Amino acid sequence: MKVVTGQVMQSMDKRAIGEFGVPGVALMERAGCACADAISQRFGDGAGRKAVIVAGKGNNGGDGFVISRILSQRGWEALVLLLAAPQAVTGDAAVNLERLDSGVVTSLPQGLAGQEELIKSATVVVDALLGTGINSEVGGIYGEAIDVVNACGVPVVAVDIPSGIDAGSGRVLGRAVRADLTVSFALAKLGNVLYPGAELGGRLVVADIGMPQAVVDEAPGCEFMDRESARAIIRPRSVIAHKGSNGHCLVIAGSVGKTGAAAMAAQSALRAGAGLVSLAVPAALNPVLESKTTEAMTIPIGPEDKWHFLAGALGELLSVAKGKDAVALGPGLGTAPSTVYLVHSLLTALDAPLVIDADGLNAVAVAPELLLRRRGRVTLLTPHPGEMARLMGVSVPEVEADRIGCARDFATRFQVYLVLKGARSIVAGPDGTIAINGSGNPGMATGGMGDVLTGVIAALLGQGYHPFAAARLGVFLHGYAADLMAEETGTRGMVATDVQEALPRALQRLTVAEGGAAGTSIN
Ligand SMILES: NC(=O)C1=CN([C@@H]2O[C@H](COP(=O)(O)OP(=O)(O)OC[C@H]3O[C@@H](n4cnc5c(N)ncnc54)[C@H](OP(=O)(O)O)[C@@H]3O)[C@@H](O)[C@H]2O)[C@@H](O)CC1
Ligand SMILES: [K+]
């Protein structure tokens, strides 16, 4: 699913009207109708139902006027509380305001004070205060109105986006409406899918409002990874595939106390379909990993009494990396200075597509310019916000304030593919292309989830997926496996190995046609 900023949507609106001759009032009519339909579907129609539409003076309010007219035709009492003088309403919104019976509209330029009881008596409150045209922090009568709506205890349907959410980022601009349902138009906005906007919007419906297809297709936006987008990336496995044709991954991981990270990265690569996995570990840890893993082949590296990698391991690691289809570097490596030095040497010397995570990223953060020496080779980083902050030399709140900007900036500057983890992981390509992951749940906020993701992405790279496809499919699959687990056991107490074990089921659900069965019929 494509998502766009509010500004892009406003220019799409202008293009549809200017270039394609679609009247603005027609778009507004379809938008209002889509909201009314969603309301009718949820609450039914006919007498005894009351909608209170809290409207602003812009086109978001205009949609609200259409909703009032349509619901009235369906037997509702549909009252509009307009937070402006009627003369302040212009354009298409004014056309629709004039079409309402005067008794339906109450103009409240001083704000909603005194209307609380009326609002509490409604079946549904429609939030038509502010949409994509929001241009500053919300305060004054609009801010107070948002507080009243949030305190009313009645289901709230937001028109396009909850009022107060920045459509380009999902940020709350001062105050924002909390809705149960949001009906967004033509395409979802970034603010509908990024947190906190995504949560405040409740369930999201994207309605077709008759925007010309060319305008939709040509709008600059980014991909929101849902099941359909994942299905479009995933490739069928050849029936004559063998372990050698499904990619051989090398995982370089582990230090004392962190053998689990190494085991999970290796095992997850297998669960995501890698044909073979070799796991290179500091030699003293080999016995532990021999027994912790079964299908992965462990390779002891360095002196037998060393619990972490030394700088001198470079030669041995390069020779085991020869011929591998992808390398994962970092899970549980530790931050011993000699290990950091080794990571720096591997960065410049390894030719295979390389996924770097965890302590691998901490080593990169010391000298990120080394990434530029990998030009021409595939590098994929998977930082969480703390690691991203270290890589960029900024604070975590700075990363969180602009997750897309940070991911894009780093990926383009250092010519890498990057997954910025967190609720709605961001995938950035070296050309600045962005995707947003739609799968996953709070159960994933526990240790080891990143090691699983590293293994999954390495497996996909090893199977020959393009790095941007491997990153997008990898994050989706990882979150989707966790979502399948959550369906069964809830999110509390979920651990990384649960997600690891659910990966085949997630792959199965994505490859089998909806409602169909796996396999090929032969009779
Ligand atoms: N795109 C499409 O295809 C279609 C879009 N449609 C709809 O149009 C909506 C966009 O409409 P829009 O551009 O008129 O902006 P909107 O969100 O109503 O707000 C602007 C008004 O709010 C004001 N204002 C701004 N910030 C404020 C603040 N912080 N606090 C207080 N006030 C603030 C601002 O006042 P100003 O500052 O300019 O004086 C201005 O008057 C879109 O979300 C969708 O619902 C559909 O009808 C059909 C097709
Ligand atoms: K709104």
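Being a predicted model, the structure only gives us computed values, none of them experimental. Just follow the structure's listing: the first ligand is 1, and inside any ligand the first atom is 1.
The nearest protein atom to atom 18 (O) of ligand 1, hydrogens excluded, is given as N60 N, 3.0 Å; this is a heavy-atom distance. At the top of the distance list for atom 25 (C) of ligand 1, counting protein heavy atoms only, stands N135 OD1, 3.3 Å. For atom 2 (C) of ligand 1, the closest non-hydrogen atom on the protein side is D13 CG, 3.4 Å. For atom 14 (O) of ligand 1, the nearest non-hydrogen atom of the protein is N59 N, 2.8 Å. Remark: minimum distance from atom 10 (C) of ligand 1 to any protein heavy atom is reached at T132 OG1, 3.3 Å.
When heavy-atom distances to ligand 1 are checked against a 4.0 Å cut-off, D160 comes that close only through its side chain, counted from C-beta outward. Heavy atoms of M12 found under 4.0 angstrom from ligand 1: none, in either backbone or side chain. Within the 4.0 Å heavy-atom criterion, the part of I209 lying near ligand 1 is the side chain and not the backbone.
Not a single N, O or S atom of P162, from either the backbone or the side chain, sits less than 3.4 Å from the K ion (ligand 2). Not a single N, O or S atom of A128, from either the backbone or the side chain, sits less than 3.4 Å from the K ion (ligand 2).
The line from CD1 of I165 to CG of N192 is 9.0 Å long, rounded to the nearest 0.5 Å.
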Could you walk me through whether R403 and E398 pass the salt bridge (Lys or Arg N to Asp or Glu O under 4.0 Å) test, one step at a time? CA-CA 8 Å; R403 286 168 53 79; E398 281 172 284; over 6 Å; no
Using the salt bridge (Lys or Arg N to Asp or Glu O under 4.0 Å) rule, take E223 and K2 through it: C-alpha gap first, then chi angles, then the decisive distance, then the call. CA-CA 5 Å; E223 187 180 11; K2 190 195 257 188; over 6 Å; no
Check the pair R175 / D147 against salt bridge (Lys or Arg N to Asp or Glu O under 4.0 Å), numbers first and verdict last. CA-CA 8 Å; R175 264 176 280 187; D147 290 344; 2.4 Å; yes
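Against a heavy-atom cut-off of under 4.0 Å, G131 is close to the following atoms of ligand 1: 16 (P), 17 (O), 43 (O). Heavy-atom contacts of K57 reach the following atoms of ligand 1: 35 (O), 36 (P), 39 (O), 41 (O) (cutoff under 4.0 Å). Close approach of ligand 1 to E137 is summarised as follows: ligand atoms under 4.0 Å from at least one heavy atom of the residue are 29 (N). For ligand 1, the atoms closer than 4.0 angstrom to any heavy atom of G58 are 14 (O), 18 (O). Those atoms of ligand 1 that come under 4.0 Å of a heavy atom in Q10, given as number and element, are 10 (C), 13 (O). When each atom of ligand 1 is checked for a heavy atom of M28 under 4.0 Å away, the hits are 47 (O), 48 (C). Close approach to M211 involves these atoms of ligand 1, each under 4.0 Å from a residue heavy atom: 3 (O). Atoms of ligand 1 found under 4.0 Å from any heavy atom of M9, numbered from 1 in the order shown, are 1 (N).
The only option from I209, D92, V66, D63 that meets the side-chain contact (heavy atoms from CB on, under 4.5 Å) definition with E29 turns out to be V66. With K189 as the fixed residue, the side chain to side chain donor-acceptor pair (under 3.5 Å) test singles out one of D160, T132, T5: D160.
Checked by atom type, the side-chain pair S169/D166 shows a donor-acceptor distance below 3.5 Å. Side-chain contact annotation: T497 with Q500, donor-acceptor N/O pair under 3.5 Å absent. Of the N and O atoms on the side chains of T379 and R374, at least one donor lies less than 3.5 Å from an acceptor on the other residue.
By heavy-atom distance, the residue among L130, I134, L27 lying nearest atom 24 (N) of ligand 1 is L130. Comparing heavy-atom distances from atom 15 (O) of ligand 1 across G24, A158, G133, S136 singles out G133 as nearest. Across D63, N96, L187, heavy-atom proximity to atom 47 (O) of ligand 1 is greatest for D63.
Looking at D127, its N, O or S atom nearest to the K ion (ligand 2) turns out to be O.
Using modelled atom types, no side-chain atom of R99 and backbone atom of R69 make a donor-acceptor pair closer than 3.5 Å. The main-chain N or O of A78 is found under 3.5 Å from a side-chain atom of S68 such that the two form a donor-acceptor pair. Between the T412 side chain and the D409 main chain, a donor and an acceptor come within less than 3.5 Å of each other. A side-chain donor-acceptor contact under 3.5 Å links D498 to the backbone of V495.
Vertex the K ion (ligand 2), arms ending at O of V159 and OG of S163: the angle is 170° after rounding to 10 degrees. Rounding to 10 degrees, one finds that the K ion (ligand 2) sits at the corner of an angle of 140° between I161 O and N60 OD1.
A cation-pi contact links R235 to Y465, judged by a cut-off of 6.0 Å to the six-membered ring centre and 45° from its axis.
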